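The structure appears below as structure tokens.
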Amino acid sequence: MSSYLSARLDIASTLDSGQTFGWQKSGEWYIGVISGLPIKIRKADIGIEYECPEGQSELASAELNTYFRLSDNLDEIYKTIGRDKLVNSAIESYNGMRITYQDPWECLMSFICSSNSNIQNIHKMVQRLSRAFGQKRFLGDSELWALPTSKELAAATEQDLRDLRLGFRAKYLYSSAQLVSSGDLNLNDLRTSPYEHAREILTSLDGVGNKIADCVMLFSIGKLEAFPIDRWIKRCLTDEYKLKSNSSYELLSGWARDYFGRYAGYAQQYMFHHYRTSNRIAGKKVAL
DNA sequence: GTGAGGCCTTCAGC
DNA sequence: AGCTGAAGGCCTC
């Protein structure tokens, strides 16, 4: 049975812009698991259409509202970050793209996998992890797997993770799974910590540097000022904003927070998706 | 503090 | 077919 949610949400750009790696596409539907609840969504005339297990419609609606941060005021955000032609053009192209509010462990797991990889491959790694250690769910005639919890993944050995073709990331994911599942690190607590403190905790994890920490903080901890800088964003900052290419991560992200303000993370996501998509379409090959 | 090299695996391009 | 380079980085030296 279908339900509808009136919301300003561009599902495609939100879920295809490298924030999440657990959703599966089936035709125009996106299928995933939020807080253990299997759910599928697609674009509707006004807002979105969704399906979920019977009797869970209201719960699903609340979960979607949280996951896609639908309470964020996009007009205010656009006004704040819309400092120049580049960002405004990205906003125009992807109006309705949201920053997600994922489960912090799922987000950390995904971005540990992202290291020196590409979006397509990250999806596959997360999918293999889910099938091997996550719980199977059903929704209508589709079956899907939730991402493994830290406890579920803690049962895996480092070799298990290597066998899932995670490569050098296996060691990092293994140690984080142990730390989080044991309760020695409570990622959810970071949601009430200041940005700087959360950054220190996250970068203390093996295999987590500034970039991955910023991704986790932006996409799951609720730090909208986090401004992850990967090779694309760095190219954008040096080519379009004329910042020096030998600038440190610290300097570049500090500049971005000053320039874009407290919603710098939104600016980053629009820039990233826009810059990457337009370069891909143009077929440009650029070495950083 | 800063920089070069190596790393697992996959995939596109030649 | 086999090779090369790159992919939303990070660690070691």
Side-chain angles (χ1 to χ4, degrees), chain A residues 13-23 90 94 97 99-100 102 106-129 132 156-176 179 199-220 223 226-240 243-254 256 264-288:
Chain A
S13 62
T14 302
L15 295 182
D16 291 333
S17 58
Q19 301 186 53
T20 76
F21 302 98
W23 290 82
Y94 305 109
M97 179 167 70
I99 295 290
T100 58
Q102 304 169 50
E106 292 183 359
C107 193
L108 175 64
M109 176 168 46
S110 302
F111 279 94
I112 285 177
C113 291
S114 78
S115 187
N116 198 26
S117 189
N118 55 65
I119 290 182
Q120 191 183 1
N121 196 29
I122 302 163
H123 265 287
K124 289 182 177 175
M125 284 189 261
V126 170
Q127 180 68 202
R128 287 194 293 268
L129 285 168
T157 64
E158 183 183 329
Q159 187 58 47
D160 289 336
L161 302 180
R162 281 195 175 266
D163 291 345
L164 290 176
R165 289 172 282 167
L166 264 67
F168 61 87
R169 305 163 195 84
K171 181 175 57 161
Y172 303 146
L173 188 55
Y174 176 81
S175 69
S176 281
L179 198 62
R199 192 183 66 83
E200 280 177 22
I201 299 292
L202 289 170
T203 53
S204 74
L205 298 173
D206 213 9
V208 179
N210 282 326
K211 192 271 175 184
I212 291 179
D214 271 332
C215 286
V216 173
M217 285 195 283
L218 179 58
F219 304 137
S220 72
K223 304 300 176 205
F227 191 90
I229 300 173
D230 70 315
R231 12 190 134 206
W232 290 96
I233 291 295
K234 179 158 187 187
R235 268 182 45 207
C236 190
L237 293 179
T238 55
D239 292 358
E240 309 291 339
L243 296 174
K244 292 199 178 84
S245 63
N246 63 354
S247 306
S248 68
Y249 189 98
E250 208 67 39
L251 187 146
L252 293 175
S253 58
Y266 268 93
Q268 185 273 355
Q269 198 56 28
Y270 278 83
M271 274 171 50
F272 174 76
H273 195 48
H274 186 59
Y275 204 62
R276 193 171 168 281
T277 304
S278 56
N279 275 280
R280 190 172 52 206
I281 289 169
K284 290 182 191 172
K285 269 181 75 175
V286 193
L288 184 63

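What you see is a predicted model, and the numbers here were worked out from it, not measured in a lab. All chains are named by letter (A, B, ...) in the order of the sequence lines, taking the proteins before the strands, and each is independently numbered beginning at 1.
L205(A) comes within 4.0 angstrom of sugar-phosphate atoms only, judged by non-hydrogen atoms across all strands, and of no base. Residue contacts shown for Q268(A) include a base, since a base heavy atom lies under 4.0 Å away. I212(A) comes within 4.0 angstrom of sugar-phosphate atoms only, judged by non-hydrogen atoms across all strands, and of no base. Using a 4.0 Å heavy-atom cutoff across all strands shown, S110(A) reaches no nucleic acid atom at all. Residue contacts shown for F272(A) include a base, since a base heavy atom lies under 4.0 Å away. Looking at heavy-atom distances under 4.0 Å, G18(A) makes contact with a base.
Between F168(A) and S115(A) there is a side-chain heavy-atom pair separated by less than 4.5 Å. D214(A) is not listed as a side-chain neighbour of I229(A), based on a closest heavy-atom distance of 4.5 Å or more.
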Point to revise | From CA spacing to verdict: side-chain contact (heavy atoms from CB on, under 4.5 Å), I233(A), F227(A) | key: CA-CA 9 Å; I233(A) 291 295; F227(A) 191 90; 3.7 Å; yes
Point to revise | Derivation of the side-chain contact (heavy atoms from CB on, under 4.5 Å) call for Q269(A) and S17(A) | key: CA-CA 8 Å; Q269(A) 198 56 28; S17(A) 58; 3.1 Å; yes
Exercise for review: Evaluate side-chain contact (heavy atoms from CB on, under 4.5 Å) for M125(A) paired with R165(A), printing each intermediate quantity in order.
Suggested key: CA-CA 7 Å; M125(A) 284 189 261; R165(A) 289 172 282 167; over 6 Å; no
Practice item. Could you give me the CA-CA distance, side-chain angles and deciding distance for T238(A) and K244(A), then say whether side-chain contact (heavy atoms from CB on, under 4.5 Å) is met? Key: CA-CA 6 Å; T238(A) 55; K244(A) 292 199 178 84; over 6 Å; no
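Remark on DNA chain C: of its neighbouring residues F219(A) and D206(A), the 5'-side contact belongs to F219(A), judged by nearest-heavy-atom nucleotide.
To the nearest whole angstrom, the two C1' atoms, one in dC8(B) and one in dG5(C), are 15 Å apart. Comparing the C1' positions of dC7(B) and dA7(C) gives an interatomic distance of 13 Å, to the nearest angstrom. For the P atom pair drawn from dA6(C) and dA4(B), the interatomic distance equals 16 Å after rounding to whole Å. dC11(C) and dT2(B) have their C1' atoms separated by 14 Å, given to the nearest Å.
Distance K171(A) NZ to dT12(C) P: 7 Å, rounded to the nearest Å. If you measure from atom CD1 of I112(A) to atom C1' of dC7(B), you get 16 Å, rounded to the nearest angstrom. Atom P of nucleotide dG8(C) and atom NE2 of H123(A) are separated by 11 Å, given to the nearest angstrom. What separates CG of N210(A) from P of dC11(C) is a distance of 10 Å, to the nearest Å. A straight line from CG of L108(A) to P of dG8(C) spans 19 Å, rounded to a whole angstrom. The CZ atom of F227(A) sits 17 Å away from the P atom of dG8(C) (whole-angstrom rounding). Rounded to an integer number of Å, the gap from L166(A) CG to dA7(C) P is 20 Å. What separates CG of N246(A) from C1' of dG1(B) is a distance of 13 Å, to the nearest Å.
Residue R169(A) has no polar side-chain atom (N or O) positioned under 4.0 Å from OP1 or OP2 of dT9(B). Of the side-chain N and O atoms in R231(A), one or more sit less than 4.0 angstrom from OP1 or OP2 of dA7(C).
With distances taken from any side-chain atom of N121(A) to the nucleotides dC7(B), dG8(C), dT10(B), the minimum falls on dT10(B). Closest to the I119(A) side chain, of the nucleotides dC11(C), dG8(C), dT10(B), is dG8(C).
Base pairing annotation: dT9(B) forms a Watson-Crick or G-U wobble pair with dA7(C), both donor-acceptor distances under 3.5 Å.
At a cut-off of 3.5 angstrom, the base of dG8(C) holds at least one donor-acceptor pair with the side chain of K211(A).
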